[in-house]
Amino acid sequence: MPELPEVEVVRRGLARWAAGRPVSGVEVLDARSTRRHDGGPAAFESQLTGRRLTAPERRGKYLWVPLAAPGGMALVAHLGMSGQLLISSPETPAQRHLRIRVLLEDPVGQGPDAPDAEPALELRFVDQRIFGGLFLDPLVPSADRADQLLPASVAHIARDPLDPYFDADSVHVRLRARKTGIKRALLDQGLVSGIGNIYADEALWRARLHYARPTETLNRGESARLLAAVRDVMEDALSQGGTSFDSLYVNVNGESGYFERSLNVYGQAGRPCPRCAAEHRDTVIVKDRFMNRSSAYCPRCQPVPRRARW
DNA sequence: TTGCTGACCTGCACGC
DNA sequence: TGCGTGCAGGTCAGCA
């Protein structure tokens with residue numbers, strides 16, 4: 001399922017294939033995929049048609065493509081659990097869960113019959129579970145950097161660990177001020193963004209921390225170790241093209257990533273812990289139910305804290 | 001203000 | 001074979 005590294009892979013693909021192209025047509029095949037757009041699918045289609053896409057940007061798992069002036073608007077995408085943004089030929093048969101198609105013309109706008117014209121492309125939003133969607137949103141200044149614009153609906157999202165302006169000390173202070181468990185805090189996109197269930201489990205395993213560790217007991221070194229583990233997991237995933245778990249994630253060209261082969265705890269319940277099973281053969285990864293989802297950890301190298309916040 | 005829970009949503013695996 | 005149930009989980013509204 002798409003998390004930050006997967007969204008970044010998609011952003012790079014859009015920068016390569018979609019930036020600079022004008023939108024000549026939009027078709028919303030499932031209104032639920034534009035439910036976050038004011039005015040519904042018809043307004044989405046009419047307001048996007050005729051606009052030109054510029055360089056895509058990302059914060060956490062939100063991706064947006066600012067539209068060329070006028071208007072200060074952006075096409076915002078969230079992939080939810082199963083969303084895909086694909087670039088394909090308009091003639092390619094529709095995918096099973098195709099929800100929105102956006103026709104992109106030649107970037108120079110010289111018409112399809114010009115000898116050096118690039119062929120038209122289609123940006124397709126495919127989403128099995130319809131947790132994601134596309135919408136248009138006005139751009140507003142970022143709360144901490146007025147020269148940086150982002151969609152209004154993304155303004156409450158914190159910077160992610162791959163952001164050059166990510167402030168680990170500030171996150172440590174805010175973590176200490178919370179009264180909750182560490183995994184619950186990691187999944188709060190208002191505290192630190194881009195972390196989903198898979199990478200939360202993987203980062204906690206790398207940092208040797210149990211998911212129910214109270215945030216107010218973390219010292220500065222432990223916070224730093226955890227945030228470094230988050231960044232390492234994301235960078236590893238990014239270098240391998242993302243996590244292609246259950247085939248619900250592909251890049252804009254429809255190719256899967258390979259990070260799933262590197263997962264140490266997520267989806268590994270019942271298997272030996274890759275770190276400590278060499279010395280203790282009876283150590284296997286455990287899966288708990290947590291926050292209406294699963295949480296995997298090694299009971300030996302991530303022991304349950306004395307004072308846990310479940 | 002902060003923390004927590006349930007709803008949204010579909011496809012697959014599994015048991016009967 | 002067909003049906004029902006549980007599970008997967010990111011985000012947000014609503015409640016305590």
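A, B, ... follow the sequence lines: proteins, then strands. Residue 1 opens every chain.
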**Student:** Base, sugar-phosphate or nothing for R35(A)? Non-hydrogen atoms, less than 4.0 Å.
**Tutor:**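 Contact class for R35(A): none.
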
**Student:** Are E216(A) and R176(A) ion-paired here, with the side-chain N under 4.0 Å from a carboxylate O?
**Tutor:**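 Looking at E216(A) and R176(A), the cut-off is not met.
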
**Student:** Strictly below 4.0 Å: does T180(A) bring a side-chain N or O up to OP1 or OP2 of dC4(B)?
**Tutor:**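 Yes, such a contact exists.
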
**Student:** Between dG10(C) and Q189(A), is there an OP1 or OP2 to side-chain N/O distance shorter than 4.0 Å?
**Tutor:**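 Looking at the OP1 and OP2 atoms of dG10(C), neither is under 4.0 Å from any side-chain N or O of Q189(A).
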
**Student:** Output the rounded distance in Å from OH (Y266(A)) to C1' (dG10(C)).
**Tutor:**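 In whole Å, dG10(C) C1' lies 12 Å from Y266(A) OH.
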
**Student:** Could you tell me whether R12(A) and E8(A) have a side-chain N and a carboxylate O separated by less than 4.0 Å?
**Tutor:**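 Result for this pair is yes, salt bridge flagged.
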
**Student:** What nucleotide, of dC4(B), dG10(C), dT2(B), holds the atom closest to the side chain of R184(A)?
**Tutor:**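 The closest nucleotide is dC4(B).
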
**Student:** Picking from dT10(B), dG10(C), dG3(B), which would you name as closest to the side chain of R99(A)?
**Tutor:**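 The nucleotide sitting nearest to the side chain is dT10(B).
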
**Student:** Would you say a side-chain N or O of K179(A) is under 4.0 Å from OP1 or OP2 of dT2(B)?
**Tutor:**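 The answer is no; no side-chain N or O of K179(A) sits under 4.0 Å from OP1 or OP2.
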
**Student:** Whole Å only: how far is the CE atom of M291(A) from the P atom of dG3(B)?
**Tutor:**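 About 12 Å, once rounded to whole Å.
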
**Student:** Classify Y62(A) by what it touches in the nucleic acid, base, sugar-phosphate, or nothing, heavy-atom distance under 4.0 Å.
**Tutor:**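 Sugar-phosphate contact only.
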
**Student:** Taking N and O atoms by type only, does the side chain of R129(A) place a donor or acceptor under 3.5 Å from a partner on the base of dG11(B)?
**Tutor:**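 Between dG11(B) and R129(A), which were checked side chain against base, a qualifying N/O pair under 3.5 Å is absent.
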
**Student:** Is the shortest distance from a Lys or Arg side-chain nitrogen in D127(A) or R32(A) to a carboxylate oxygen in the other one below 4.0 Å?
**Tutor:**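 Salt bridge flag = no for R32(A) with D127(A).
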
**Student:** What is the separation between atom NE2 on H156(A) and atom P on dA13(C), rounded to the nearest whole Å?
**Tutor:**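 Distance check: H156(A) NE2 to dA13(C) P gives 9 Å.
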
**Student:** For R293(A) and dC8(B), give me the distance from atom CZ to atom P, rounded to whole Å.
**Tutor:**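 Answer to the nearest Å: 16 Å.
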
**Student:** Cation-pi check, R145(A) to Y165(A): give yes when NZ or CZ is under 6.0 Å from the six-membered ring centre and within 45° of the ring axis, no otherwise.
**Tutor:**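 Yes; both conditions hold, so R145(A) lies above the ring face of Y165(A).
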
